Number of protein chains: 2
Amino acid sequence: MKSTIKEVAKEAGVSISTVSRVINGRDRVSKSTLNKVQQAIEKLHFHPDHVARTMINKKTQTIGLIVPQLSNEFWSLMSEVIQDELWSNGYITLICSTDNSDKENAYLRMYIDRRVDGIIYCASQEDPTGMQDQMEMLKQSGIPLVTLDKSAPGVSSVVGDHLLGSLNAVEHLIGRGYRQIAYIGGPAVSIEREFGYRKALMMHGLNANEAIIHLVKGQSFADGYGALKAVLASGESFDALFCGNDLMAFGAIKAMEEAGMSVPDDVAVVGYDDIFSASLFKPALTTVRQPIADIGKELVSLLIQSMEQDTDGRSARKIIVPTELIVRESSGALKNEMSLL
Amino acid sequence: MKSTIKEVAKEAGVSISTVSRVINGRDRVSKSTLNKVQQAIEKLHFHPDHVARTMINKKTQTIGLIVPQLSNEFWSLMSEVIQDELWSNGYITLICSTDNSDKENAYLRMYIDRRVDGIIYCASQEDPTGMQDQMEMLKQSGIPLVTLDKSAPGVSSVVGDHLLGSLNAVEHLIGRGYRQIAYIGGPAVSIEREFGYRKALMMHGLNANEAIIHLVKGQSFADGYGALKAVLASGESFDALFCGNDLMAFGAIKAMEEAGMSVPDDVAVVGYDDIFSASLFKPALTTVRQPIADIGKELVSLLIQSMEQDTDGRSARKIIVPTELIVRESSGALKNEMSLL
DNA sequence: AAAAGATGTAAAAACGTTTTGATTTTGCGA
DNA sequence: TCGCAAAATCAAAACGTTTTTACATCTTTT
């Protein structure tokens with residue numbers, strides 16, 4: 001059923017090495033033997049075994065990808081872009097979704113044992129101590145690594161400009177006259193986004209110390225919903241809300257509507273990411289766009305560079321991708337006549 | 001940097017085979033050698049090379065998954081469920097998104113060459129002639145295969161009950177008094193859904209021959225938008241719309257709103273799949289729920305069965321999963337007093 | 001016409017495991 | 001102390017390729 005190079009050699013009446021050279025076009029082969037071999041290959045439906053090949057040339061042509069949650073619109077698009085881009089470059093993609101669980105280590109271990117040629121790692125947690133072990137493991141394995149939104153010494157990374165993105169978003173709200181701006185976020189990048197939020201408040205003379213901030217475990221719709229419930233329960237009043245991502249914004253808006261509040265009339269809302277649903281949502285969500293396709297391509301290109309030069313991670317690069325504020329309905333109109341400017 | 005079993009053997013002062021037995025717990029090893037070997041393994045950070053293992057025992061512990069479009073909410077959730085379920089069973093997942101292009105063959109070829117232990121194939125096209133070649137290739141390779149929404153002789157499959165699902169959906173519209181029900185759909189399963197649509201019309205004495213049906217190439221938001229534009233351009237009037245999936249429904253609704261039509265007041269809409277966004281959408285979308293998690297688990301369980309018995313596909317099974325109509329706002333209220341019953 | 005250089009092909013080593021016989025060591029009753 | 005089964009270990013073959021080395025054969029050159 002499954003033929004080997006040996007059988008092809010016998011069929012063609014030549015040696016194994018000759019067949020190998022025909023397959024790989026490595027060396028010169030005479031016209032007549034070329035024909036014989038090609039016919040034998042055709043006849044036996046021979047396809048070189050990739051596993052055996054890997055044994056020799058140490059290349060699996062496989063990349064391991066780790067994302068926090070594949071079912072999340074942001075990550076599924078990111079994964080699609082990455083898979084597609086890798087395929088164009090001759091690689092196939094192993095995808096694992098950590099789903100906020102502690103599978104990351106096991107996934108990485110598995111990737112290493114399988115000798116993937118490279119790893120694209122979108123960490124879900126900003127946990128520096130936990131990361132240490134994993135990074136050590138990866139470094140020891142010598143497998144090229146590229147991370148998203150996560151920096152480590154010696155590894156290339158692509159990071160969104162969360163600080164500036166958030167800053168712009170919050171300034172937008174301030175510019176429209178909102179003064180009591182709350183923030184809800186999850187783990188990881190949400191921390192950086194919180195910085196941008198705080199900075200914007202401070203830059204415009206608002207007291208960041210008494211800002212309304214609520215952080216939760218995840219980044220999903222349910223997390224946003226829960227976060228806003230918690231804010232409401234605290235009894236603090238606010239006229240605008242900045243969210244760690246779009247999905248959380250959707251959840252928060254749901255919670256507000258259930259509480260009889262209207263967006264943007266009672267509360268203006270800004271999200272982050274600009275996933276496709278953001279434009280579909282009603283009210284259409286004002287949000288900070290992250291260029292997902294660009295990020296994915298950048299990640300792949302960076303990884304391929306790392307793999308080619310193989311300079312032991314000495315020349316790690318860090319690419320910062322800019323964001324763009326997309327203004328839609330959810331952030332309302334000017335709240336009063338006075339613009340800040 | 002990367003240690004081998006040979007080095008471990010030398011370090012522990014035993015033979016390679018002894019180390020192997022320790023690793024796999026295959027045979028009895030004396031307490032003292034066990035300790036020596038374990039310490040050596042520890043010291044050298046040894047992890048057995050999965051590729052070399054594969055050479056021997058012919059198992060990659062890897063499954064190849066093919067989905068039409070990973071960035072589509074339906075497929076990303078499906079992929080997540082499948083990956084997770086496979087991981088629980090000791091398998092890792094290669095994911096490829098065909099994106100309506102002709103990469104399917106290349107993907108399959110790649111999977112076969114890599115000796116994946118099994119393939120889960122969610123075909124994007126209902127093209128029977130094109131499928132022939134691929135199925136032949138797969139059969140020759142002897143790799144266990146499970147398909148979704150696609151039947152082929154000798155292969156196990158999970159199929160949604162599209163006929164009944166659509167039938168119920170359309171009957172729901174009819175029951176509410178709508179009479180001019182249009183249908184828009186894409187390729188593949190949309191065909192079966194069209195049958196259900198037609199059947200419902202006929203069962204209730206509506207003329208299926210002059211039904212308004214518009215089919216397009218894809219299944220995305222843009223496709224739904226385009227399809228509805230085309231329907232509008234045709235000038236035919238309708239008071240309800242059944243869509244091949246939720247995403248298309250969203251697109252269609254967008255197009256209708258742009259044309260000044262209101263949903264559900266002017267036109268009632270029903271989608272298919274019940275992706276997460278369907279409940280978020282405004283108006284909340286009435287739709288036919290497919291139990292994605294169940295389907296994914298069923299696919300995995302079926303595949304694992306195929307792999308274990310390895311009976312050459314003789315005992316192919318076909319599982320039909322039922323759907324559930326989820327009634328929300330988009331299908332409006334009773335259009336007039338007369339219910340059909 | 002012999003030495004030197006191309007050219008085409010074959011044999012064998014290597015990749016890192018598992019598995020199979022074969023061989024050594026151990027334990028224990030006679 | 002000897003013998004022998006059982007237990008523990010080892011050496012070698014196998015998995016299916018690629019690559020290196022070596023050996024013929026056939027052209028050139030001197």
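In the text below, chain A, chain B and the rest are named by the order of the sequence lines, each starting its count at 1. Hydrogens, waters and symmetry mates play no part in the numbers below; they use all other heavy atoms, side chains included. Predicted model, so just to flag it, every value in this text is computed and none were measured.
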Let me check something: any side-chain donor-acceptor pairs from residues 92-99 of chain B under 3.5 Å, sequence neighbours excluded? List them with distances.
| unit_1 | atom_1 | unit_2 | atom_2 | d |
| --- | --- | --- | --- | --- |
| B:Ser97 | OG | B:Leu70 | N | 3.0 |
| B:Thr98 | OG1 | B:Val67 | O | 3.4 |
| B:Thr98 | OG1 | B:Pro68 | O | 3.4 |

Below 3.5 Å is the cut-off: list the nitrogen or oxygen pairs between protein and nucleotides 18-22 of chain D, distance only.
| unit_1 | atom_1 | unit_2 | atom_2 | d |
| --- | --- | --- | --- | --- |
| D:dT18 | OP1 | A:Asn24 | OD1 | 3.3 |
| D:dT18 | OP1 | A:Asn24 | ND2 | 3.2 |
| D:dT18 | OP1 | A:Arg53 | NE | 2.7 |
| D:dT18 | OP1 | A:Arg53 | NH2 | 3.1 |
| D:dT18 | OP2 | A:Ser20 | OG | 2.9 |
| D:dT19 | OP2 | A:Arg26 | NE | 2.8 |

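- Put simply, NZ on B:Lys2 is 12 Å from C1' on C:dC15, counting in whole angstrom units.
- Taking the C1' atoms of five terminal pairs at each end of the helix from C:dA1-D:dT30 to C:dA30-D:dT1, the two resulting helix axes are inclined by 70°, rounded to 10°.
- In this entry the distance linking CE of A:Met55 with C1' of D:dA14 reads 11 Å, nearest Å.
- One finds the CG atom of B:Leu302 at 10.0 Å from the CD1 atom of B:Ile304 (value rounded to the nearest 0.5 Å).
- Between the side chain of A:Asp149 and the backbone N or O of A:Gly160 there is at least one donor-acceptor pair closer than 3.5 Å.
- Per the geometry, NZ belonging to B:Lys59 stands 17 Å off C1' belonging to C:dT17, to the nearest Å.
- For A:Thr18, the side chain to side chain donor-acceptor pair (under 3.5 Å) partners at least two apart in sequence or on another chain are A:Ser15.
- A 6.0 Å sphere centred on NZ of B:Lys2 holds more than 12 heavy atoms belonging to other residues, nucleotides or ligands.
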As a quick check of understanding, evaluate side chain to side chain contact (heavy atoms under 4.5 Å, CB included) for A:Gln134 and A:Tyr121, giving each step before the final call.
CA-CA 11 Å; A:Gln134 300 164 21; A:Tyr121 185 11; 2.5 Å; yes
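- When the side chain to side chain donor-acceptor pair (under 3.5 Å) test is applied to B:Asp113, the partners found at least two apart in sequence or on another chain are B:Arg109.
- Within the nucleic acid shown, A:Val51 has no heavy atom closer than 4.0 Å to any nucleic acid atom.
- Only at 4.0 angstrom or more do the heavy atoms of residues 32-45 of chain B sit from any atom of DNA chain C, so none qualifies.
- Atom pair A:Arg28:CZ and C:dA6:P shows a separation of 12 Å (rounding to whole Å applied).
- Between B:Lys58 atom NZ and D:dC15 atom C1' the separation is 6 Å, expressed in whole Å.
- Contact of the B:Arg317 side chain with the B:Gln305 side chain is registered, since non-hydrogen atoms from C-beta on lie closer than 4.5 Å.
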